[in-house]
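Per chain, numbering begins at 1; letters A, B, ... match sequence-line order. This is a predicted model, so every value here is computed, not measured.
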Amino acid sequence: MSISVEQKWLHEELNEAQRDAVLASEGPVLILAGAGSGKTRVLIYRIAYILANGLAEPREILAMTFTNKAAGEMRERVSRIIPGQMSGMWIGTFHSLYARLLRREGERLGYSANFTIYDENDQIALLKSICVELKIPAQEFSPRRLLHQISLAKNALQSPEQAAAAADTALEQTVARVYGVFQRRLREANAMDFDDLLIKPIELFQQFPLVKEYYQDRFHYILVDEYQDTNRAQYVSLNLFAGKHKNICVVGDDDQSIYRWRGAELRNILDFSADYPDCRKYRLEQNYRSVQNILSAAHSVVVNNRQRHDKKLWTDKADGDLVMITECSDEREEGRLILDRISREFRENDRRFYDFAVLYRTNAQSRVLEEALRAEGIPYVIVGGVKFYERKEVKDVLAYLRVLCNPNDGLNLKRIINTPVRGIGDATVAKIESWAREHGLALHQALSRAAEVPGLGKRAVASINRFVSLLKKYQALQSELSLQELSSTLIDEIGLLQQYKEEGTPESLSRADNVRELLLAVAEFTAMAGPDAGLEHFLQHVSLTTDIDVWDDRSNAVTLMTLHSAKGLEFPVVFITGLEEGLFPLSRSIIEPASLEEERRLFYVGATRAQEKLYLSWTRTRRRYGERPGNVISRFLKEIDSRLVDYVTTHPSAMPGRRRAEPCDQDMPSYEDESQETAEFHIGMRVAHPTFGPGTVLKIQSGYSQLKLIVLFDSYGEKRLVLPYAKLQIL
DNA sequence: TCCCACTTTCTTTTT
DNA sequence: GAAAGTGGGA
């Protein structure tokens, strides 16, 4: 195809490799784009190029991004290059775009358009009730573990029947059994979980070829960001979408794949050229983000991975400062270290608070850091962690809204039936539930016929009737009132705010605040989406909006978040904390090479967020599970080329209140220096137990007086053993 | 049915 | 050390 318009910006804004990738609009295209190499820019210009040359209408473009925030930015930047109408373009995350598709077409699969989206807590709650019903011992098969297995099966497009057929171990058999019931329950509730959002479009397309053809026809150009983190379901659905025009452009970096644990398959990107033999490949290897030392340090770690394509990013930036590694005595010291560096950066380099990001492996680490920043009065924002919409009081209100929107949602119905307390206890609910099941009714239907249910007291029936008429009333009001009016009247009527006020504890007051904030969020949503946006849209927005989507990168505050959340972002100064064996890399990952490599990629992702300064820290000891084990320096720190590193140890000063950091001339400490009393055992070691048989040591915890081992037994799962009593044999 | 005190588990990471 | 789960008593 000849290019009708040769835009000036193609030459001014892009380097040669980027421009080639943009111009290759037709056919399958794979763009291997290293960290900071401008892949977002390529995607944006690609869309702009397609539109500017009239190759497609906006509505014929489908662009998958990793976050809603990224989608919004992309849309905005495209419209700045190509002013004009952008409406009709499908740009968003897999989950939000597929939810849109399923609201339109899900009817064919037996879901009505008002389906509820279940988040992880809902999934767990549902699984728990299934486990109780099927009498599955929760100790042996924790709902969490079952959920993870089910989720992996779903994302691998395995049906419950296939899972049952393939099941060997007791765990797999249980998973398959629960999985089948789980799916049935979701459907009965007219609910989809996050995984269903990805797999139902595939079912739809497979069962309804005409629907498939419509969408295949419609989307002339498909663009996918972060392709290295797609799972099987995403992969299959993309191929279905691209089936006709085959103009599919995927962008990714195998070194930045960090979601294997939730089913992402690296082979999707590694095998793209096998799937599309005529595909064109482009490599973006010039990094525009980081100084050379940071880039080299990150590279010196990630080269230790075996599962990767060899490549090396380059930059024409200066070397920059050395990467600083600091050894701290404990996590509070680590917090102080960060304060210290921030104030120094302020003095020396004229920074703003938003120039800094503090990254960590687990959310639990944020607390100490938060305390340190607060004590010093430094503004900060935490991305992730306990999410607003997951707070109890917020979920309670949302549960009401969900039930109003979708009465079949039995899970949320059970949540609110006795919240606030109205005398409908567990026993009553259980009776109605089993009666409902006997008669093939949904819970809400049974509730309206409470008088017929045997064994219910008069008081209980009266309470239920009051509750049912409350719901009926608001269902009727739904069409008359605006979203805001509906929710605020409802909150008034159930007396939630008043109840919190009466309790008067700081905790309940903050709950009241959260409920008010939820009302604010409703107002904000209406302002953004327009008055026509229905309850189901608001609820979908709530389910699929993450912290990172609302994070404001220009607010004047230090950002705290997990390494995972930091993907795709950049900051002048980055701190990566908690670089200790067992924390980063996490102990569970150490025993499995593939997981360890993923941890290493996570380190790579974190390090390459930094533009100018990278501070890495580890602590000699850190509180975990209320205990305080000794730590060993992370292997990742040892893998960094020592010529790129400035190693510093902080010593608690004799004078209280004063701290200093002193350079330490010695080489970095090695594992051997850290000889623990646990010398006999180490993580990853194979052991045998008289009752549980063979297993692998997952974790070693040093308590105050005794040591605890966590061992993953081949046939008994995880057990915690107290060392002096566990008669373990080393294999 | 509800509330309080006690025990247990939990820490990966996220749409 | 917190949050959630368990069990006994009112």
For this session: Kindly say if Asn418(A) contacts the phosphate of dC2(B), meaning a side-chain N or O under 4.0 Å from OP1 or OP2.
Result: yes
Exercise. Pick the nucleotide of DNA chain B nearest each of Glu598(A) and Val421(A); which residue has the one closer to the 5' end?
Worked result: Val421(A)
Problem set entry | Touch class at under 4.0 angstrom, heavy-atom based, for Arg459(A) against every strand present | nothing
For this session: For Asp119(A), answer base if it contacts any base atom (sugar-phosphate contacts may also be present), sugar-phosphate if it contacts only those atoms, and nothing otherwise; contact means non-hydrogen atoms under 4.0 Å.
Result: nothing
Exercise. At their closest point, which heavy atom of Ile202(A) faces which heavy atom of Ala233(A), and how far apart are they?
Worked result: CD1-O, 3.3 Å
Exercise. If you round to the nearest 0.5 Å, how far is CD of Glu598(A) from CD of Gln307(A)?
Worked result: 12.0 Å
Exercise. Would a distance-only check, ignoring hydrogens and angles, find a side-chain to backbone donor-acceptor pair under 3.5 Å from Arg623(A) to Arg628(A)?
Worked result: no
Exercise. Touch check for Ser565(A), heavy atoms < 4.0 angstrom, all strands: base, sugar-phosphate only, or nothing?
Worked result: sugar-phosphate
For this session: Name the pairing partner of dG5(C), where a pair is Watson-Crick or G-U wobble with both distances under 3.5 Å, or state none.
Result: dC6(B)
Problem set entry | Donor-acceptor contact present, side-chain Glu580(A) to main-chain Thr619(A), <3.5 Å | yes
For this session: Please work out which of the three classes, parallel, tilted or perpendicular, describes the rings of Phe603(A) and Phe584(A), given edges at 30° and 60°.
Result: tilted
Exercise. Looking at Thr428(A), does any N or O in its side chain come under 4.0 Å of the phosphate oxygens OP1/OP2 on dT1(B)?
Worked result: yes
Problem set entry | Contact under 4.0 Å: Asn363(A) side-chain N or O vs dT13(B) OP1/OP2 | yes
For this session: Indicate whether OP1 or OP2 belonging to dT15(B) is found under 4.0 Å from a side-chain N or O atom of Ser96(A).
Result: no
For this session: Round to a whole Å and report the spacing from CD of Gln234(A) to C1' of dT15(B).
Result: 9 Å
Problem set entry | Phosphate-side-chain proximity, Arg588(A) and dT12(B), N/O vs OP1/OP2 below 4.0 Å | yes
Exercise. When the distance from CD of Glu599(A) to C1' of dT11(B) is rounded to whole Å, what number comes out?
Worked result: 13 Å
For this session: Please report the closest heavy-atom contact between Thr93(A) and Asn68(A), naming both atoms and the distance.
Result: CG2-N, 3.5 Å
Seminar exercise, completed: Under a 4.0 Å heavy-atom criterion, the protein footprint on nucleotides 1-6 of chain C, written with B, S and -, is BS--S-
For this session: Please determine if a side-chain N or O atom of Thr562(A) lies less than 4.0 Å away from the OP1 or OP2 oxygen of dT14(B).
Result: yes
For this session: Measure from NZ or CZ of Arg374(A) to the centre of the six-membered ring of Tyr380(A) and say whether it is under 6.0 Å with the direction within 45° of the ring axis.
Result: no
Exercise. What nucleic acid atoms does Tyr259(A) come within less than 4.0 Å of, heavy atoms only: base, sugar-phosphate, or nothing?
Worked result: sugar-phosphate
For this session: Using whole Å, report how far CZ of Phe66(A) lies from P of dT15(B).
Result: 7 Å
Exercise. Would the Tyr259(A) and Phe66(A) ring centres measure less than 6.0 Å apart?
Worked result: yes
For this session: Please measure how far the P atom in dA4(C) lies from the corresponding atom in dT13(B), and state the result in whole Å.
Result: 15 Å
Exercise. Checking all strands, does Glu120(A) fall into the base, sugar-phosphate, or nothing category for heavy-atom contacts under 4.0 angstrom?
Worked result: base
For this session: Return the value, rounded to whole Å, for the distance between atom CZ of Arg361(A) and atom P of dT13(B).
Result: 7 Å
Exercise. dT15(B) C1' sits how many Å from Lys567(A) NZ, rounded?
Worked result: 12 Å
For this session: Please report, rounded to the nearest Å, how far the P atom of dT13(B) is from the CD atom of Glu390(A).
Result: 12 Å
Exercise. Ile417(A) has an atom CD1; how far is it from atom C1' of dT1(B), in whole Å?
Worked result: 14 Å
Exercise. Is the ring of Trp261(A) stacked on the base of dT13(B), with centres less than 5.5 Å apart and planes under 30° off?
Worked result: yes
For this session: Name the nucleic acid region contacted by Leu586(A), choosing base, sugar-phosphate or nothing; use a 4.0 angstrom heavy-atom cut-off, strictly under.
Result: base
Exercise. Taking a pair as Watson-Crick or G-U wobble with both distances under 3.5 Å, which nucleotide is matched to dT13(B)?
Worked result: none
Exercise. Nearest 0.5 Å, what's the CG-CE distance between Leu43(A) and Met74(A)?
Worked result: 4.0 Å
Problem set entry | Base of dT14(B) paired with side chain of Arg262(A) (donor-acceptor, under 3.5 Å) | yes
Seminar exercise, completed: Result for 5'-nearest mapping on DNA chain B, choosing between Asp426(A) and Leu544(A), is Asp426(A)
Exercise. Leu456(A) CG to dT1(B) C1': how many Å, rounded?
Worked result: 14 Å
Exercise. Which part of the nucleic acid does Asp195(A) contact within heavy-atom distance under 4.0 Å: base, sugar-phosphate only, or nothing?
Worked result: nothing
